[in-house]
2 protein chains.
Amino acid sequence: MKKILIVDDEEKIREVIREYAEFSGYAAEEAADGMSAIGMVKLNDYDLIIMDIMMPKLDGFSAVKEIQKIKNIPVIMLSARGEEYDKLFGFELGIDDYVVKPFSPKELMARVNAVLNRRDASERNVSNIQKFEGLEINIAARTISVDGKRVELTPKEYDLLFYMIQHKNIALSREKLLEDIWGYDFFGDDRTIDTHVKNLRNCLGPYRKFIVTLRGVGYKFEYEE
Amino acid sequence: MKKILIVDDEEKIREVIREYAEFSGYAAEEAADGMSAIGMVKLNDYDLIIMDIMMPKLDGFSAVKEIQKIKNIPVIMLSARGEEYDKLFGFELGIDDYVVKPFSPKELMARVNAVLNRRDASERNVSNIQKFEGLEINIAARTISVDGKRVELTPKEYDLLFYMIQHKNIALSREKLLEDIWGYDFFGDDRTIDTHVKNLRNCLGPYRKFIVTLRGVGYKFEYEE
DNA sequence: TTTCCGATGAAGAAGATACTGATTGTAGAT
DNA sequence: ATCTACAATCAGTATCTTCTTCATCGGAAA
């Protein structure tokens, strides 16, 4: 049986959710704030966490941030209607879904089911991370790692790499790169690209090999699976 | 950067999808109903459309039907749980995937990535490779292979081969080759071509036979299917 | 056989890219 | 508003690849 952790400071809400969750065939436990949630995650294994944002002691976002360091558990956030929060911030944390209060427990459970049922499927697709041997690009997080080690890229370097892997195995002229990455209104020097390619290659370590030079043309990200 | 059109009558849903799409490295635009979606498709180029089925003015299926008349764009349909629809009908329209509400934005993006990657892969493999027996030219990648083995060409060699296969079975004088490949402002020696033809032939192995010498004239790429 | 034209190999010239270092531009902190 | 830190750009030089030319060889046409 799947186990859900419900985190909310209002006892009433916790109770409603727990009852409906158990009714839907889940085991459920409760925590009243972010702090105790973290403690419970350390001690138990949960399949999913339903977490309110506004809470005493430790807010939902901070709690999720801590929890994700410990275990990779899907999270559904609860937020009051009109509550100000930064969605992007949430996405970065790998939050799976939002539900706005007031919600119907039916709707909430539908989302719980959706997240849990498809957790496997989306893990299979993992498409937010692209791998090229030891080179991994996490598109959602805008980060890359080389042989498992995180490497920091400047914005342009990342844009360049991202563009190239999206057009892998295609010859890319300098003009096309400038137009698509820098924008049609950039009238700078072609050689600017060379510099960024150089810098990018330095960041990629052994995987610099994927970026091949096409003399008289431009560059290409070459990778055949 | 790939551009996605999000069509749904609920602003909240559009917003969540758009933010996650942008977060995942896509550009995104929104339309509130089928009608305006059609208008936007006419004006812009999208790489993918995420479309709700139930909408005022014009439902998702009808909109897709119209859009497919204009442009061939992959589509992911959104449908409410239990909503009645005929999946086969959808696939006939060329719909690439279904996602049932409520969905997690993470899952939706995984499917978007899957659909786009599929498209890219099939586009790469279909139209961009020309075959002449064991000689294959991949125009997008600017590569050739001989009997399945990759062979590196210098820029001029590639340009020459590319030009010749685009004018196969046509007699090409040295003057014409110089003018079209080197440019009208090249005033070098005719014999330069001979050297490049020689080098190119060496690269082509058994398929050097396709390049025939026309004594007193120039060369010709000879290949009848 | 003679003549002509193309094929070939080698070497210097030309051209393109890689890289260094300096300058300019920009966002965030104080 | 100013400062600071870092990124983006550009100019100049070094380095490497490719192109072109030339001299010679070989083979087909007359």
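In what follows, every heavy atom counts, from backbone to side chain, and hydrogens, waters and symmetry copies are set aside. Treat the numbers as computed from the prediction; the structure is a model and nothing was measured. We name chains A, B, ... by the order of the sequence lines, and we start the count at 1 in each one.
Distances shown here put a side-chain N or O of W182(B) below 4.0 Å from the OP1 or OP2 atom of dT20(D). An OP1 or OP2 oxygen of dC5(C) is reached within less than 4.0 angstrom by no side-chain nitrogen or oxygen of T213(B). Between Y158(A) and dA7(D), a side-chain N or O to OP1/OP2 separation shorter than 4.0 Å is absent.
Going from atom CG of L178(B) over to atom C1' of dT21(D) covers 14 Å, rounded to whole Å. In this structure, the CG atom of D190(A) is 12 Å from the C1' atom of dT17(C), given to the nearest Å. Taking atom CG on N199(A) and atom C1' on dT17(C), their separation rounds to 14 Å, with Å as the unit. Atom pair I181(A):CD1 and dA7(D):C1' shows a separation of 16 Å (rounding to whole Å applied). One interatomic measurement links the two molecules: NE2 of H196(A) to P of dT17(C), which rounds to 16 Å at whole-angstrom precision. Going from atom OH of Y219(B) over to atom P of dG6(C) covers 7 Å, rounded to whole Å. With rounding to whole Å, L153(B) atom CG is found 17 Å from dT17(D) atom P. As a whole-Å value, the separation of E157(B) CD from dT18(D) P is 8 Å.
Ion pairing of K131(B) with E133(B) is absent here, as no side-chain N (NZ or NE/NH1/NH2) approaches a carboxylate O to less than 4.0 Å. A salt bridge does not link R14(A) to D9(A): none of the charged nitrogens lies less than 4.0 Å from a carboxylate oxygen.
When only modelled atom types and interatomic distance are considered, S62(A) and D59(A) share a side-chain donor-acceptor pair under 3.5 Å. S36(B) and D33(B) share a side-chain donor-acceptor pair at under 3.5 Å. Of the N and O atoms on the side chains of Y26(B) and D47(B), not one donor lies less than 3.5 Å from an acceptor on the other residue.
When every heavy atom of V146(B) is checked against every heavy atom of L204(B), the shortest pair comes out as CG1-O, 3.8 Å. Between R201(A) and I211(A), the shortest heavy-atom contact is NH2-O, 3.0 Å. Counting all heavy atoms, side chain and backbone alike, M55(B) lies closest to V7(B) at SD-CG1, 3.6 Å.
Judged as a ring pair (Phe, Tyr, Trp, His ring centres under 6.0 Å), and not counting sequence neighbours, the contacts of F132(A) are F221(A), Y223(A). Considering only residues two or more places apart in sequence or on other chains, L43(A) meets the side chain to side chain contact (heavy atoms under 4.5 Å, CB included) condition with none of them.
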- For DNA chain D, the dot-bracket notation using Watson-Crick and G-U wobble pairs below 3.5 Å, [ ] for pseudoknot-type crossings and | for other-strand pairs, is ||||||||||||||||||||||||||||||
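Within the 4.0 angstrom heavy-atom criterion, base atoms lie near T192(B). No contact: F187(B) has no heavy atom under 4.0 Å from any strand.
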Can you check nucleotides 24-30 of chain D for protein contacts, nitrogen or oxygen pairs under 3.5 Å, and list what you find?
residue	atom	partner	partner atom	Å
dG27(D)	N2	R215(B)	NH2	3.1

Below 3.5 Å is the cut-off: list the nitrogen or oxygen pairs between protein and nucleotides 8-13 of chain C, distance only.
residue	atom	partner	partner atom	Å
dG9(C)	N7	K198(B)	NZ	3.0

What protein N or O atoms touch nucleotides 26-28 of chain C N or O atoms at under 3.5 angstrom, if any, and at what distances?
none

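Distance check: D147(A) CG to L135(A) CG gives 9.0 Å after rounding to the nearest 0.5 Å.
Considering only heavy atoms from C-beta on, I137(B) comes within 4.5 Å of Y158(B) through its side chain. Considering only heavy atoms from C-beta on, I50(A) stays 4.5 Å or farther from L5(A) through its side chain.
Nearest nucleotide to the side chain of R174(B), out of dG6(C), dT17(C), dT18(D): dG6(C).
Looking at E29(B), K2(B), K3(B) one by one, the single match for side chain to side chain donor-acceptor pair (under 3.5 Å) with Y46(B) turns out to be E29(B).
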